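This report concerns only the one structure given below.
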Amino acid sequence: MPSYLFAQLAARMPAADRPFIETPTGRIITYGDLVAGTGRIAHALVARGVGPGDRVAVQVEKSPEAVMLYLACLRAGAVFLPLNTAYTLAELDYFLGDAEPALVVCDPKSRDGLVPVAERYGARVDTLDAAGKGSLMERAAGEAPDFADVERGADDLAAILYTSGTTGRSKGAMLSHDNLLSNALTLVDYWRFTSADVLLHALPIFHTHGLFVATNVILAAGASMLFLPRFDADEVMRLLPKATAMMGVPTFYVRLLQHEGLTREATRHMRLFVSGSAPLLADTHREWRERTGHAILERYGMTETNMNTSNPYEGDRVAGTVGFPLPGVTLRVVDPEGGQALPQGEIGMIEVKGPNVFKGYWRNPEKTKAEFRDDGFFITGDLGKVDERGYVHIVGRGKDLIITGGYNVYPKEVESEIDAMPGVVESAVFGVPHPDFGEGVTAAVVAEKGASVDAAAIVKALEGRLAKFKQPKHVFIVPELPRNTMGKVQKNVLRDTYKDLYAR
Ligand code: AMP
């Protein structure tokens with residue numbers, strides 16, 4: 001068996017002259033270019049001493065060559081390890097020490113700072129810039145395009161993705177060839193991707209969404225992508241006529257709704273809009289539908305599990321839900337303490353099992369053991385419920401649950417009430433230490449431009465709508481919520497900012 005995942009994707013590739021990636025400037029990388037380019041890079045990796053199972057850590061700007069580097073790692077039997085471009089040298093020190101890669105590929109700008117760190121952990125350094133230039137591609141240019149793929153099986157590691165680590169140090173999630181392949185094939189089928197599709201790709205490629213959900217699905221369908229270096233509403237609107245589908249985080253949809261070019265006419269040819277990585281506000285879903293006639297398809301996944309659930313392709317895409325477990329994925333909701341299954345409709349911890357679920361945390365057997373049940377279910381850390389129609393609802397991360405005076409408050413319930421008020425764009429509800437209650441329910445609210453929303457009025461309006469213990473003890477009106485690059489609201493930042501709010 002040659003390199004499992006790459007071999008399976010290669011078997012599905014269309015004719016060599018078909019496009020795989022097109023850039024906004026009109027540069028086209030065909031499937032033929034992809035095979036030859038990854039062959040050359042795979043040779044270059046081997047020449048740099050990268051052997052089967054070795055990690056290749058990559059912190060580079062988005063480019064077609066960066067995608068080829070991922071695929072070349074698969075062909076060389078190496079483990080691809082992408083790193084967020086925002087990480088600082090001090091953070092890279094931790095990742096390189098933990099992962100001990102054989103090779104680090106970085107932007108030429110960070111090379112000088114990185115070399116001493118990489119050397120300390122025995123890694124070599126190559127460069128790759130946003131234009132696809134650098135020492136890696138110089139080495140690859142001198143190599144032959146044919147490469148005999150290193151043999152890898154279904155359970156061998158294809159990638160390690162570090163989790164964003166909002167609690168404690170970030171951990172490396174080990175993803176096997178089959179974790180990635182099985183999920184890509186399921187999604188191609190579920191979302192009806194074919195070789196005629198053109199995906200508008202504006203996501204970063206160091207995260208599971210832009211890297212695996214988007215890229216692997218396109219490869220497995222033999223389709224193509226329009227590859228934007230980053231999200232830019234004007235660029236998306238300019239290129240949309242060439243696309244058939246888009247995958248985005250909720251922020252993309254919020255920003256596009258502010259673009260006057262977004263109309264029914266401008267999106268008539270589109271087949272599918274997918275959202276994930278953070279909750280899509282029900283309002284955004286509704287406004288998008290009113291403006292374009294398209295119901296955004298929301299799905300739920302995580303670094304460790306790939307995609308778990310999705311709203312249906314045909315049938316109701318219900319706003320505020322993440323749809324049904326994907327084929328092959330078993331999902332259950334349990335009591336977070338004891339782990340017993342809860343009756344349908346009750347809120348508890350979401351656990352999943354299936355070929356999509358990762359192999360454990362890199363060099364961290366204790367953490368791996370703590371997050372799996374004995375029967376193989378992975379404890380996601382997300383709280384949610386399954387409604388009477390079988391749709392899964394996520395109410396937030398378990399660690400964001402607020403316990404006040406002994407009562408559980410699910411932030412989403414309070415946020416939904418606040419978000420529905422006139423003049424409110426969105427809100428984040430979180431707990432901070434409180435001398436009497438343990439935690440005090442606290443809200444940060446973003447108001448619409450020009451709207452006169454005041455904190456006291458929000459508190460007042462909630463009085464008749466929520467039980468007393470769920471009502472925020474303090475509401476702040478803020479210009480925006482702190483978010484990470486994937487659009488997730490960083491409640492840890494809010495908790496930290498307001499930690500002394502109720503201190504005596
Ligand atoms: P990451 O590993 O960075 O992809 O983050 C995964 C986490 O993002 C999940 O555990 C959820 O908490 C959250 N998430 C992903 N998709 C959704 C969604 N559609 N709705 C709500 N939360 C989501």
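Every number for a ligand or one of its atoms is a count from 1 in the order of the listing. Not measured: the values here are computed from a predicted model.
- For atom 6 (C) of ligand 1, the nearest non-hydrogen atom of the protein is Met302 CB, 3.3 Å.
- When the heavy-atom distances from atom 23 (C) of ligand 1 to Ser310, Gly381, Ala278 are ranked, the shortest goes to Ala278.
- Checking only distances, Thr208 never comes within under 3.5 Å of ligand 1, N or O to N or O.
- With sequence neighbours left out, Arg230 forms a salt bridge (Lys or Arg N to Asp or Glu O under 4.0 Å) with no residue at all.
- His207 approaches Leu161 most closely through the heavy-atom pair C-CD2, 4.3 Å.
- Taking all heavy atoms of Thr163, Asp382, Asp400, Val392 into account, the minimum distance to atom 9 (C) of ligand 1 is reached by Asp382.
- Regarding atom 7 (C) of ligand 1, its nearest protein heavy-atom neighbour is Lys488 NZ, 3.8 Å.
- Proximity of Glu298 to ligand 1, defined as any heavy-atom pair under 4.0 Å, is confined to the side chain (atoms from C-beta onward).
- Both the backbone and the side chain of Pro279 come within 4.0 Å of ligand 1, judged by heavy-atom distances.
- Between Glu346 and Val333, the shortest heavy-atom contact is O-CG1, 3.6 Å.
- Counting atoms of ligand 1 from 1 in the listed order, those under 4.0 Å from a heavy atom of Val322 are 18 (C), 19 (N), 20 (N).
- Assignment of Thr380 to the shell around ligand 1 is not supported, since no heavy atom sits closer than 4.0 Å.
- Every N/O-N/O distance between Ser275 and ligand 1 stays at or above 3.5 Å.
- Phe378 and Phe358 have perpendicular rings, their planes meeting at more than 60° on a 0 to 90° scale where under 30° would count as parallel.
- Residue Glu480 qualifies as open at atom CD: its count of foreign heavy atoms under 6.0 Å is 12 or below.
- Proximity of His207 to ligand 1, defined as any heavy-atom pair under 4.0 Å, is confined to the side chain (atoms from C-beta onward).
- A side-chain donor-acceptor contact under 3.5 Å links Thr163 to the backbone of Lys171.
- For ligand 1, the polar-atom distance check finds no N/O of Tyr300 at less than 3.5 Å from any of the ligand's N/O atoms.
- Residue Arg397 places at least one N or O, backbone or side chain, under 3.5 Å from an N or O of ligand 1.
- For residues 216-228, the side chain to side chain donor-acceptor pair (under 3.5 Å) pairs, not counting sequence neighbours, are Tyr70-Asn216.
- Nearest heavy atom pair, residue Ala57 against residue Leu83, reads CB-CD1, 4.2 Å.
- Between the choices Gly323, Gly276, Gly487, Gly301, the shortest heavy-atom distance to atom 15 (C) of ligand 1 belongs to Gly301.
- The shortest contact between atom 2 (O) of ligand 1 and any protein heavy atom is with Thr303 OG1, 2.6 Å.
- For atom 13 (C) of ligand 1, the nearest non-hydrogen atom of the protein is Ser277 O, 3.9 Å.
- By the 6.0 Å and 45° rule, Lys473 stacks over the aromatic ring of Phe437.
- The aromatic ring centres of Tyr253 and Trp288 sit less than 6.0 Å apart.
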